[in-house]
Amino acid sequence: MSKIMIAGIIDYSSLDFPGHICAVIYLCGCPYRCPWCQNADVALANSEVCRETEISEIIKNLKEIFIIDSVTVTGGEPLIQKETFELCRRIKNETNLLLKIDHNGFYPEILQKFLPLLDFISIDIKAPFNEKYGITAGKSDWENVVEKVKRTCKILANWSGNKEARTTVVPTLIDENEIIEISKIVNKYKFSIYTLNEFRAERTLDKKFQNIMPYSYEKMINLGKSAKKYLDADNTEIYVVTSKKGREKI
Ligand code: SF4
C-alpha cells in the first residue's frame, strides 16, 4: 500500500480548474522557498499540517464526492514526491475525473512522464528569465532554475493539452515591466491561458511580506491589459484573479 504526504483535500472548488468543479489535493514539499509563499505550511514538508495518507484512501474519498467532475493536484510542488505518479495514475484509471496538476516548472523530465495522464496543467512563470527568478523563488542558483523552467515550457509547447501559465503579482518583486517580459515568454511558448493572481499577505514564508499590501483591483486589471498587448489573442486568453471580483477575463 503506497502512502503520500498530503496537507489536506478540499472537496469542492470552482476556481482551481478552469470551467470545472474540482476537488483539490494539497501535496507537501517544494524545492523552492518563495519568500512570499502563501502555502508555507504545505511547502515545508515537515510542518504539522502534513501527514502520510494511503493513496487508496484518497481515491475512495474522491469517488464519494458526487458534485465534482475533476481533480486538481497542487502543493507545495506535487512532482517533488515520487508517489504522485501513482496517485495521478490511479485517479486517471479508477475514476472518471479530469485531472489537472499545478507545477512550478522545476522538474521537466518528470513532468514528461505525467503528460499522458493530464487533461490540464498550470505552471508558474514567477518572473522574467533573469536574476529576478531566483529572488522570487527564493533560490540562489537562478540560472539552474530558469534553465529548468525553460525546458518545461519547451516540453509544453509541443503538448496539445490545455496549459495555463500563472504569475502571482507580488508588489516589490513584480510590476508592469516584469509582467510584459513574462507575457512575451507566455506568447513564445503558446500557453492557452495566462493568469495573473493577486498576492495575499497572510501567512507568508518570510514574515516581512506580511507587511506588503496587494496591488489594488484597478492596478491588477491594468497589468492584465498590459499583458494582453503582448499575447496573440488567437492562442492565449488572459485572466486576472482578485479577492474583489474573483476570476475575470481581460
Ligand atoms: S509559492 Fe513557491 S515555495 Fe510556495 S509552494 Fe509555490 S513554488 Fe513552493
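Just so you know, ligand 1 is whichever comes first in the structure, and atom 1 is the first atom listed for that ligand.
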Sub-4.0 Å heavy-atom approach of G75 to ligand 1: no
Lys/Arg N to Asp/Glu carboxylate O, [X] vs [Y], below 4.0 Å:
| X | Y | answer |
| --- | --- | --- |
| K190 | D232 | no |
| K219 | D175 | yes |
| K184 | E181 | yes |

Under 2.8 Å from atom 2 (Fe) of ligand 1, the protein N, O or S atoms, given as residue and atom: C34 SG
Full working for salt bridge (Lys or Arg N to Asp or Glu O under 4.0 Å) between D206 and R33: CA-CA 9 Å; D206 179 341; R33 288 293 178 265; over 6 Å; no
Whether Y133 and F129 hold their rings parallel, tilted or perpendicular, with breakpoints at 30° and 60°: tilted
S56-R90 side chain donor-acceptor pair, cut-off 3.5 Å: yes
Inter- and intrachain pairs under disulfide bond (SG atoms under 2.5 Å apart), touching residues 48-77, at least two apart: C28-C50
Numbered atoms and elements of ligand 1 in range of G76, under 4.0 angstrom, heavy atoms: 5 (S)
